[in-house]
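Down below is the structure, laid out as structure tokens.
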Amino acid sequence: MAHEGHDHGASTPPQVTTLAPRAEAASADFELVAVLREGTLAIHLDRFADNAPVDGATIEMDTPEGALTARPMEPGTYVVAAPFAAKPGAHDLAFTVTAGGTVDVLATTLTVPAAPAPAAPRAAPAALALLGGLPLGLLAGAVIGFLAAIVLMSLRRRSAALVLAAGLGLAASLPPDAQAADAPKPPVRDAAQRLPDGSVIVPKPSQRILGVRTIVTASASHARAVELPGRVVPDANASGLVQTAVGGRLAPPPGGFKPLGTRVAAGDILAFVHPPIGASDLKDLEQQGFELDQQIAIVKRRYERLSAIQNAVTRREVEETEIELKGLQTRRATLERVQREPEALRAPVAGVIATSDAVAGQMADPNTVVFRIIDPDRLWVEALGFSPDVGRLGASGRLADGRSVTLAFLGAGMSDRGQALPLQFAVTAGFEGLRPGQFLTVLAEAGAPRTGIAIPRTAVVRGANGQAIVYEHVSAERFVARDVRTEPLDAGRVLVVAGLPPDRRVVTEGAELIDQIR
């Protein structure tokens with residue numbers, strides 16, 4: 001009967017999934033969760049510090065009925081029969097864990113709830129005794145059906161009234177207990193869920209799927225870091241350009257032009273340049289060739305005559321004629337080579353071909369860059385800062401995909417670039433996937449040290465209000481969000497300066513997924 005300005009009541013809250021009976025225990029080395037299901041106890045064993053599954057362990061369980069040994073089922077999960085769990089109540093258990101030379105005893109208590117008793121049928125009210133104990137729902141349905149029939153019959157719809165009245169009576173006569181008994185009950189399963197207090201319950205199997213990992217926080221002194229914009233550039237000592245010295249037509253070497261990414265050695269021929277010769281230049285070359293041929297023929301004849309009468313001439317005349325003949329022949333061969341031999345373009349350094357503009361038959365002007373050779377294992381980073389001392393004590397770079405690289409300070413420029421100084425760093429680790437021209441954020445050490453807790457950047461997520469939060473692993477399957485204040489530390493870590501005490505377990509991997517659980 002609600003109208004404008006009214007609602008039909010609050011929506012039904014989501015149903016909270018009931019977890020199976022379980023018990024947990026922890027020590028300085030291990031964390032254990034035992035889950036009872038259908039008479040079998042599934043034991044999930046993780047390392048306490050980083051929440052990583054412990055594989056290849058031996059677990060012996062002491063129960064009120066004797067000692068049992070668990071068998072491995074999957075990495076970090078072991079199963080053992082639990083006949084004692086058929087009896088409701090609290091059962092004290094002790095687990096002896098042996099893994100990698102570490103022996104530990106974990107004690108806990110497993111509480112098995114009693115089976116729910118069947119619901120007794122409700123007796124009919126005393127007021128209905130005179131009516132033979134008829135159910136209240138049946139009487140209410142009959143009354144509602146009778147009144148509806150009178151209203152509809154007045155509208156001359158007798159047949160529809162009878163059908164509707166019968167339907168209303170039958171629907172109202174169904175007891176609610178019978179309807180609830182026939183409704184299917186959801187199966188009991190372990191599911192991640194967020195509790196009303198904001199904490200999140202994540203069962204151990206779900207933690208394995210999400211890949212949840214943790215660290216134990218510790219307070220320490222760290223150098224303050226500043227963020228600088230940077231760009232990857234080639235190492236000036238391990239990169240080079242292949243340019244044409246003279247203009248000409250490009251031609252491939254034997255085997256063709258090498259594709260991009262091909263590794264080459266210093267001195268390898270990458271292309272040829274055939275210099276063009278104009279018609280007038282060709283005529284001049286031909287004329288010079290004819291003149292040289294004529295001079296060669298004359299000197300050769302004179303040399304032959306002098307050689308035939310060596311006793312009548314001096315030896316010096318014969319030698320001079322021979323030298324003149326060889327000089328003319330060399331000039332003639334050089335002239336032929338200039339017309340036919342192209343210029344070879346060679347790789348100046350060893351590396352890979354980063355860029356290539358070579359096309360067979362293309363006319364290239366002098367000083368045209370045809371190839372660029374870069375050594376991918378020797379790269380620099382150029383950043384812009386406001387102090388020449390920034391980064392001298394250490395620096396790192398963070399890429400857009402979250403990867404980090406280690407940098408070493410090389411030097412700082414003296415000329416401003418947009419009111420900033422250029423700083424150069426050498427990449428010492430993390431070359432995989434880097435390419436010249438790629439942008440990154442350089443985190444350089446500068447200023448006085450700051451005390452705080454260093455955690456990975458993946459541990460910090462943004463809440464609905466934009467506040468930075470981390471998830472603390474307070475128990476085996478419970479996580480609590482903590483509001484924190486952070487400062488940049490390096491490419492892979494941030495410094496928590498408020499909101500998180502030391503010696504707490506913080507989620508470093510899987511925090512984004514835990515934050516999405518509702």
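Salt-bridge check for R208 with D46: passed, with a basic side-chain N closer than 4.0 Å to an acidic carboxylate O. Between R22 and E477 there is a salt bridge, since a side-chain N of the basic residue sits under 4.0 Å from a carboxylate O of the acidic one. Look at E24 and K204 and you find no salt bridge, because none of the NZ, NE, NH1 or NH2 atoms lies under 4.0 Å from a carboxylate O. Look at K300 and E322 and you find no salt bridge, because none of the NZ, NE, NH1 or NH2 atoms lies under 4.0 Å from a carboxylate O. Looking at R392 and E445, no side-chain N of the basic residue comes within less than 4.0 Å of a carboxylate O on the acidic one, giving no salt bridge. With respect to D268 and R263, no salt bridge is recorded, no charged nitrogen being found less than 4.0 Å from a carboxylate O.
With contacts defined as side-chain heavy-atom distances shorter than 4.5 Å, the pair F371/F257 qualifies. L443 places none of its side-chain heavy atoms less than 4.5 Å from the side chain of V226. The shortest distance between side-chain heavy atoms of R403 and R398 does not fall below 4.5 Å. Side-chain contact between V80 and T40 is absent, with no heavy-atom pair separated by less than 4.5 Å. Side-chain contact check for I453 versus L495: every heavy-atom pair is 4.5 Å or farther apart. Under the 4.5 Å side-chain criterion, counting only non-hydrogen atoms from C-beta, P253 is in contact with F272. Looking at heavy atoms from C-beta onward, V381 lies out of side-chain contact with L423 at the 4.5 angstrom threshold.
Looking only at atom types and distance, the side chain of S387 has no donor-acceptor partner in the side chain of D389 under 3.5 Å away. For the residue pair D104 / S27, a side-chain donor-acceptor distance below 3.5 Å is found, with atom types taken as modelled.
Smallest separation of non-hydrogen atoms from V442 and A383: CG2-CB, 4.0 Å. Nearest heavy-atom pair, S219 versus P502, reported as atom, atom and distance to 0.1 Å: N-CB, 4.1 Å. Residues A49 and R505 come closest through the heavy atom pair O-CD, 4.4 Å. Taking each heavy atom of V79 and A42 in turn, the nearest pair found is CG1-CA, 4.3 Å. V390 and A444 make their closest contact through CG1-CB, 3.4 Å (heavy atoms, listed as atom of the first residue, atom of the second, distance). Contact detail for L379 and I374: the closest heavy-atom pair is CD2-CG2, 4.1 Å.
Within a 6.0 Å radius of CD in E227, more than 12 heavy atoms belonging to other residues, nucleotides or ligands are found. Within 6.0 Å of the CZ atom in R518, the count of heavy atoms belonging to other residues, nucleotides or ligands exceeds 12. For M73, the CE atom is loosely surrounded, since the number of other residues' heavy atoms within 6.0 Å does not exceed 12.
To the nearest 0.5 angstrom, I298 atom CD1 is 12.5 Å from T321 atom OG1. Between atom CZ of residue R462 and atom CD of residue Q467 there is a gap of 7.5 Å, rounded to the nearest 0.5 Å. Of the inter-residue distances, the one linking I296 atom CD1 with R331 atom CZ reads 9.0 Å to the nearest 0.5 angstrom. In this structure, CD in E343 is found 6.5 Å from OG1 in T244, a value given to the nearest 0.5 Å. Here the straight-line distance linking atom CD1 of I517 with atom CD of Q193 works out to 9.5 Å at 0.5 Å rounding. Expressed to the nearest 0.5 Å, how far CG of L440 lies from CG of L434 amounts to 7.5 Å.
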Show, in sequence, the C-alpha distance, side-chain angles and deciding distance for F30 and F48, and conclude whether the ring-ring contact (aromatic ring centres under 6.0 Å, His included) test is met. CA-CA 5 Å; F30 302 110; F48 180 81; over 10 Å; no

Going through the checks in order, is the salt bridge (charged side-chain N to carboxylate O under 4.0 Å, His left out) test met by E31 and R47? CA-CA 6 Å; E31 186 175 60; R47 286 198 295 264; over 6 Å; no

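Among residues at least two apart or in separate chains, salt bridge (charged side-chain N to carboxylate O under 4.0 Å, His left out) pairs with a member in residues 361-381 are D235-R378.
For F425 and F409, the ring centers sit closer than 6.0 Å to each other.
Remark: of the listed residues V370, N367, L345, N367 is the sole one forming a side-chain contact (heavy atoms from CB on, under 4.5 Å) with Q243.
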